[in-house]
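Written out below as structure tokens is the structure these notes cover.
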2 protein chains.
Amino acid sequence: MTVRQDVHSAGIPVLCQSCEARHRGVCGALDPDQLVALSKTSSRYTIEPGAELIGDAETVNSYSNVLSGVVKLTKGLSDGRQQIVGLQFAPDFLGRPFKVESEINAEAATAVSLCSFPKASIERMMRESPELEHRLLKQTLKELDEAREWMVTLGRKTASEKVASFLLMIARNIDPATDPATNSTSFDLPLTRADIADFLGLTIETVSRQLTRLRAEGVIRIENNRHVTVESLSRLERRSGA
Amino acid sequence: MTVRQDVHSAGIPVLCQSCEARHRGVCGALDPDQLVALSKTSSRYTIEPGAELIGDAETVNSYSNVLSGVVKLTKGLSDGRQQIVGLQFAPDFLGRPFKVESEINAEAATAVSLCSFPKASIERMMRESPELEHRLLKQTLKELDEAREWMVTLGRKTASEKVASFLLMIARNIDPATDPATNSTSFDLPLTRADIADFLGLTIETVSRQLTRLRAEGVIRIENNRHVTVESLSRLERRSGA
DNA sequence: CCAATGCCTTGATTTCGGTCAAAGCCTCTT
DNA sequence: AAGAGGCTTTGACCGAAATCAAGGCATTGG
């Protein structure tokens, strides 16, 4: 069980054996000894789009790092209405410490690869390593900020502002090299129209109409229903309602 | 600088000198020595309804415990539209560790009393006491759960479901002794109609009409525009959309 | 006591987004 | 290549909530 070393600008420069990737999410907080121990209990999964991650017996007692792909967190009402309450991109951490569970479902929006560990391993290490808990606090604060940002979008923006805000958010998360000077980006939508609607509190039809409008106005182009090219980021920003 | 002791079912049984009250939020995580040190730097404030707590120079570099009253956290759009993204009730903690600030304003919704400490004191203690950071993580997770719960309300509920959900949430936070058997509660609304509208992503008029409807249907009574009596909690719950 | 002010309610009308319905487009399979 | 099924788009219409506009009802102060 060797642990590969890697130079990292911030934090302890180590790689998780199972992930074979750098994790800002969790592993970066561990020292090499802990990492070796964790590697013994961790394993790597690949999940098909649409598969449930929580509610599923296999993974309910585990935490994971998202290595690639997008996971959607949803909450539903009894009559079937659904709302996406969060999207997890790599290298986000997935799973809820201390079982403060609030009936959230997690589902792979795209193909997803995960590095996951038994709940018990992480919880033990959290007790040993304050740095790990510190990372979790930071991630949780980040998620809280994102959630509040979306509350503004859900409560106060118009349909077209919502769609523009959504495209911007995806652009920022998918393509880390979005250059404001270029003023244009290109990426694959990780969500179907139905998912986008559930994320924005709209219907599929409204989402579709707003995308059509943005296309007609030359702000974006869409190929094969998935691949989006933003022709003018600044125009998209102007439409996102600040 | 004596520190009063108090028997508490969970956690370390201590009282903050300045607060003279038990804090699940922060103080409960400290040992008596730390508490004495903190007491030396903490002070108690009373804030008038409508006063800004963040953005205000006096308190921008401090953390606080809410001792009584309700604080609203708001985010605004450039054109003036506003959304309340959280309500802090006693004994919630107020303030943002690690300056992950996301342009949130905090304002007293009612008269509020606070026990506040300089940012530096808390941050130093956080480094010394993992238990304190643990508490912060728990509070942050709680706030995240609440935020996500409201995302469902904002995105997927109708106006009348929103208002019913809001009344239930207030009832649960204001009156901790809400007994499901009794099926009725009574409390003062800590928010004006405008605040409720900003919380629910509605207009004042819609909020007013929905309250009128609930009154007409005998689910609630309202006196002096503030004092609400829920005649039937179960009927209110049924209207909240699960 | 009577403005005046600030909330809150109510009514009339408009509009944005939802609903219903049909057709178009990919992708995958055979 | 054709057909099937699943997304997506588009159109016509509808309805819930916003907007516009009075008016009511407390509290405050002259």
Side-chain angles (χ1 to χ4, degrees), chain A residues 48-50 72 77 79-83 107 109-111 153-167 188-217 220-228 239 241, chain B residues 48-50 72 77 79-83 107 109-111 153-167 188-217 220-228 239 241:
Chain A
E48 289 305 298
K72 53 181 187 183
L77 262 27
D79 64 358
R81 282 174 287 176
Q82 218 181 29
Q83 176 68 44
E107 189 181 325
T110 64
T153 301
L154 288 170
R156 288 303 184 199
K157 289 189 186 175
T158 64
S160 67
E161 289 170 335
K162 284 179 177 180
V163 171
S165 303
F166 169 78
L167 290 174
D188 277 352
L189 276 179
L191 268 55
T192 65
R193 303 293 187 270
D195 285 336
I196 299 173
D198 280 348
F199 192 63
L200 297 175
L202 299 171
T203 59
I204 325 180
E205 294 94 327
T206 300
V207 171
S208 179
R209 280 187 250 269
Q210 296 303 332
L211 287 174
T212 300
R213 220 177 59 135
L214 286 173
R215 206 179 327 147
E217 289 167 331
I220 59 172
R221 274 185 296 121
I222 304 182
E223 288 143 77
N224 298 330
N225 281 342
R226 296 193 78 79
H227 192 73
V228 175
R239 273 155 225 264
Chain B
E48 289 305 298
K72 53 182 186 180
L77 261 28
D79 63 358
R81 282 175 286 176
Q82 217 181 31
Q83 176 68 44
E107 189 181 325
T110 64
T153 301
L154 287 171
R156 289 302 184 200
K157 290 189 184 173
T158 65
S160 67
E161 288 170 335
K162 284 179 177 180
V163 171
S165 303
F166 169 77
L167 290 174
D188 276 352
L189 277 180
L191 268 55
T192 64
R193 303 293 187 272
D195 285 337
I196 299 173
D198 280 348
F199 193 63
L200 297 175
L202 299 171
T203 59
I204 341 178
E205 294 95 326
T206 300
V207 171
S208 179
R209 281 186 249 270
Q210 296 304 332
L211 287 173
T212 300
R213 221 178 60 141
L214 285 173
R215 206 179 327 150
E217 289 167 332
I220 59 172
R221 275 186 296 120
I222 304 183
E223 288 144 77
N224 296 332
N225 282 342
R226 297 194 74 80
H227 192 74
V228 175
R239 273 156 224 263

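Within every chain, numbering begins at 1; the chains are lettered A, B, ... in the order of the sequence lines, protein sequences first and strands thereafter.
Side-chain atoms of B:Glu223 do not come within 3.5 Å of backbone N or O of B:Val228 as any donor-acceptor pair. The main-chain N or O of B:Phe199 is found under 3.5 Å from a side-chain atom of B:Gln83 such that the two form a donor-acceptor pair. Using modelled atom types, one side-chain atom of B:Ser165 and one backbone atom of B:Glu161 make a donor-acceptor pair closer than 3.5 Å. A donor-acceptor contact shorter than 3.5 Å links the side chain of B:Arg81 to the backbone of A:Arg156.
In terms of position along DNA chain D, the nucleotide closest to A:Leu211 lies nearer the 5' end than the nucleotide closest to the other residue of the pair A:Arg156 and A:Leu211.
A:Arg215 comes within 4.0 angstrom of the backbone, heavy atoms only, and of no base. Contacts of A:Ser208 with the nucleic acid, taken as non-hydrogen atoms under 4.0 Å apart, include base atoms.
Residue A:Arg193 places none of its side-chain N or O atoms closer than 4.0 Å to OP1 or OP2 of D:dC7.
Going from atom CG of B:Leu200 over to atom P of D:dA16 covers 18 Å, rounded to whole Å. Rounding to whole angstrom units, CG of residue A:Asp195 and P of D:dG6 are separated by 16 Å. Distance CG (B:Leu154) to C1' (D:dA17): 15 Å, rounded to an integer number of Å. Taking atom NZ of B:Lys157 as the reference point, atom C1' of C:dG17 lies 20 Å away to the nearest angstrom. Protein atom CG of B:Leu191 is 20 Å distant from nucleotide atom P of C:dG6, rounded to whole Å. Between A:Asn224 atom CG and C:dT27 atom C1' the separation is 10 Å, expressed in whole Å. With rounding to whole Å, B:Ile204 atom CD1 is found 17 Å from D:dA17 atom P. Atom CD1 in B:Ile222 sits roughly 14 Å away from atom P in D:dA26 (whole-Å rounding).
Under 3.5 Å, the side chain of B:Arg209 and the base of C:dG11 form at least one donor-acceptor pair of N or O atoms. Residue side chain A:Glu205 reaches the base of C:dC20 through a donor-acceptor N/O pair under 3.5 Å, judged by distance alone. Looking at A:Glu223, its side chain has no donor and acceptor atom pair within 3.5 Å of the base of C:dC26.
For the pair B:Leu200 and B:Lys157, the minimum side-chain heavy-atom distance is 4.5 Å or more.
For A:Thr206, the side-chain atoms get nearest to C:dG17 when compared with the rest of C:dG17, D:dT9, D:dA18. Side-chain proximity of B:Leu202 to C:dT9, C:dT27, D:dA17: nearest is D:dA17. With distances taken from any side-chain atom of A:Asn225 to the nucleotides D:dA18, C:dG17, D:dT9, the minimum falls on D:dT9.
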